[in-house]
There are 2 protein chains.
Amino acid sequence: MPGDTRERIVAVARDLVHGASLSAVSIDDVCRAAGVHKGSLYHFFPSKDALGAAVLELNWAMMSTVLDEAFADDVAPLTRIDRFVDGFVRMLTLTRRQMDITPGCPLGNLTAELAARQGDIRARLVRILQAWTRYFADAISEARGRGEIEPTVDPNAAATRVLAHLQGLALLAKAHDDPDLVLSLKDDLPVLLSPAR
Amino acid sequence: MPGDTRERIVAVARDLVHGASLSAVSIDDVCRAAGVHKGSLYHFFPSKDALGAAVLELNWAMMSTVLDEAFADDVAPLTRIDRFVDGFVRMLTLTRRQMDITPGCPLGNLTAELAARQGDIRARLVRILQAWTRYFADAISEARGRGEIEPTVDPNAAATRVLAHLQGLALLAKAHDDPDLVLSLKDDLPVLLSPAR
DNA sequence: CCCTCACTTGACTGAACGGTCAAGCAGGGC
DNA sequence: GCCCTGCTTGACCGTTCAGTCAAGTGAGGG
């Protein structure tokens, strides 16, 4: 299978990083887990940072998949957000079963770890977070158009609120080792989508 | 000055860690910055993990100070939360000026980094987060008693909501390199403290 | 005056780290 | 049959890491 090695390396690296952190996972760890020699890895990636960037992209690709499924317009817009939360929690629960720890949001973790670095990587992180916010904003906007939430609500501000809330809950879930904590986002949604007073 | 060295080591370590992460800061870095030799550091701390634990305690002590000041009962309970947000953002802004990066929440960062480890450290993190939540819960409870928020609001659930929101905003602030993002918590507060619907 | 003990010094260790490289290998095109 | 090219191999390098240790130093107490 050509082109298989690179993908396997990134996939394995993502899993290891998701269960710990970028800095906690060494190149040797990745090679061992992927059944690949170091020179081979460095054939595809010029540096550990480059591998880290690839892991970030894979995480975003996986999150995009969950987002695209959840935000399909076969249900009401606010139901889509609920559906996404379910998918997100399912992701956490699955990793918890495999790794015996609650991993937190893969993108949130990388943001926390990499945002302090200067360079393109932070710009990319911001872009990803913005793209993520847009999923929420679009659904909120549509719900507002249908009269399901107050017309005075700013969809973008509300979407940022939802993302921040999700990230915070994911962090608490990681600390408490309980993915279900994130489920409370569904209860909090009506509150988060109500107008400021 | 007796007992000074240990404190200086922890203080310096905290600053370095706050600007990056525990794993990104080496024992040598700390020694260099504190003007101390390695054997001296290991006289006080049996391991890097022990130093990390001390850094966590110092961060909580500093946060406690900000919390105690903000939550003094010389103003209305909801005003205290606003005051805490101001203090928190001031903390971020100060570090940003010194380090040229927005550091995020010191406790949130450590939570993200250490929660995956098994052992006492996660238990301690959870306890700290609970103690933090209690500050919010007490103020919310008092505000409810004064009729400033709806009686159907559960102070503990609302407090957790506020903490999650704060952590999420701190993460976004770090990503966007803009401490002021956290200020929007003050606008979001009425929303977060309104009853579920 | 000297002993004790908390603290400091600075050189040291062994392992792990990210990264390099010359040599090989296999398959596809000429 | 040959070479080119994409990929693999496994040994190797220099650095940095957390952690150790034997030998000091100096102040306070008896």
Side-chain angles (χ1 to χ4, degrees), chain A residues 1-58 109-110 113-114 116-122 124, chain B residues 1-58 109-110 113-114 116-122 124:
Chain A
M1 288 184 207
D4 197 39
T5 306
R6 195 195 135 99
E7 284 168 28
R8 194 172 71 251
I9 290 172
V10 181
V12 159
R14 189 216 90 100
D15 286 350
L16 292 179
V17 169
H18 192 208
S21 67
L22 245 186
S23 54
V25 174
S26 74
I27 295 285
D28 286 309
D29 289 338
V30 175
C31 289
R32 210 171 305 125
V36 157
H37 287 267
K38 215 187 257 196
S40 205
L41 186 150
Y42 276 95
H43 174 74
F44 294 106
F45 304 98
S47 69
K48 190 186 181 182
D49 277 1
L51 177 59
V55 166
L56 173 62
E57 293 306 325
L58 177 57
N109 289 345
L110 284 176
E113 192 171 0
L114 299 177
R117 303 208 193 161
Q118 61 244 46
D120 328 286
I121 193 83
R122 204 190 52 234
R124 181 65 186 133
Chain B
M1 289 181 210
D4 198 38
T5 306
R6 194 196 136 100
E7 284 168 29
R8 194 171 70 251
I9 291 173
V10 180
V12 159
R14 189 217 89 102
D15 287 349
L16 292 178
V17 168
H18 193 206
S21 67
L22 244 186
S23 55
V25 174
S26 73
I27 295 285
D28 286 310
D29 289 337
V30 174
C31 289
R32 211 172 303 126
V36 157
H37 288 267
K38 214 186 258 195
S40 206
L41 187 149
Y42 276 95
H43 174 74
F44 296 107
F45 304 98
S47 69
K48 192 185 180 183
D49 277 2
L51 177 59
V55 166
L56 173 61
E57 293 305 326
L58 177 57
N109 289 346
L110 284 177
E113 193 172 359
L114 299 177
R117 303 208 195 160
Q118 60 246 46
D120 329 285
I121 192 82
R122 204 190 52 231
R124 182 65 186 133

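At whole-Å resolution of the value, CD1 in B:Ile9 and C1' in C:dT8 are 11 Å apart. Taking atom NZ of residue A:Lys48 and atom P of nucleotide D:dT15, one finds them 20 Å apart after rounding to whole Å. Rounded to whole Å, atom C1' of C:dG18 lies 15 Å from atom CZ of A:Phe45. The separation between B:Asp4 atom CG and C:dA6 atom C1' is 15 Å, rounded to whole Å.
A distance of 10.0 Å separates CZ of B:Arg6 from NE2 of B:His43, quoted to the nearest 0.5 Å. Separating the CZ atom in A:Arg124 from the CG atom in A:Leu110 is a distance of 12.0 Å, to the nearest 0.5 Å. With rounding to the nearest 0.5 Å, the separation of CD in A:Glu7 from CZ in A:Phe44 is 10.0 Å. Here CG of A:Leu114 is found 10.0 Å from CG of A:Asn109. Values are rounded to the nearest 0.5 Å.
An end-to-end axis angle of 10° holds for the helix from C:dC1-D:dG30 to C:dC30-D:dG1, taken from five base pairs per end and rounded to 10°.
The shortest distance between the side-chain N/O atoms of B:Thr5 and the OP1/OP2 oxygens of C:dC7 is not below 4.0 Å. The phosphate of D:dA18 has neither OP1 nor OP2 within less than 4.0 Å of any side-chain N or O from B:Ser47.
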Full working for side-chain contact (heavy atoms from CB on, under 4.5 Å) between A:Arg117 and A:Asp49: CA-CA 11 Å; A:Arg117 303 208 193 161; A:Asp49 277 1; 3.0 Å; yes
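Taking every heavy atom of both residues into account, A:Ala33 and A:Val12 meet most closely at CB-CG1, 3.4 Å. The minimum heavy-atom distance linking B:Val10 with B:Ala54 is given by the pair CG1-O, 3.8 Å.
The stretch residues 22-44 of chain A comes close to DNA chain D through A:His37, A:Gly39, A:Ser40, A:His43, A:Phe44, each having a heavy atom under 4.0 Å from the strand.
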Identify each donor-acceptor pair in which a side-chain atom of residues 17-28 of chain B lies under 3.5 Å from a protein atom, sequence neighbours left out, and give them as a table.
| residue | atom | partner | partner atom | Å |
| --- | --- | --- | --- | --- |
| B:His18 | ND1 | B:Arg14 | NH2 | 3.2 |
| B:His18 | NE2 | B:Gly104 | O | 3.4 |
| B:Ser21 | OG | B:Ala24 | N | 3.3 |
| B:Ser23 | OG | A:Ser23 | OG | 2.8 |
| B:Ser23 | OG | B:Glu113 | OE2 | 3.0 |
| B:Ser26 | OG | B:Asp28 | N | 3.4 |
| B:Ser26 | OG | B:Asp29 | N | 3.0 |
| B:Ser26 | OG | B:Asp29 | OD1 | 3.4 |
| B:Ser26 | OG | B:Asp29 | OD2 | 3.2 |
| B:Asp28 | OD1 | B:Lys38 | NZ | 3.3 |

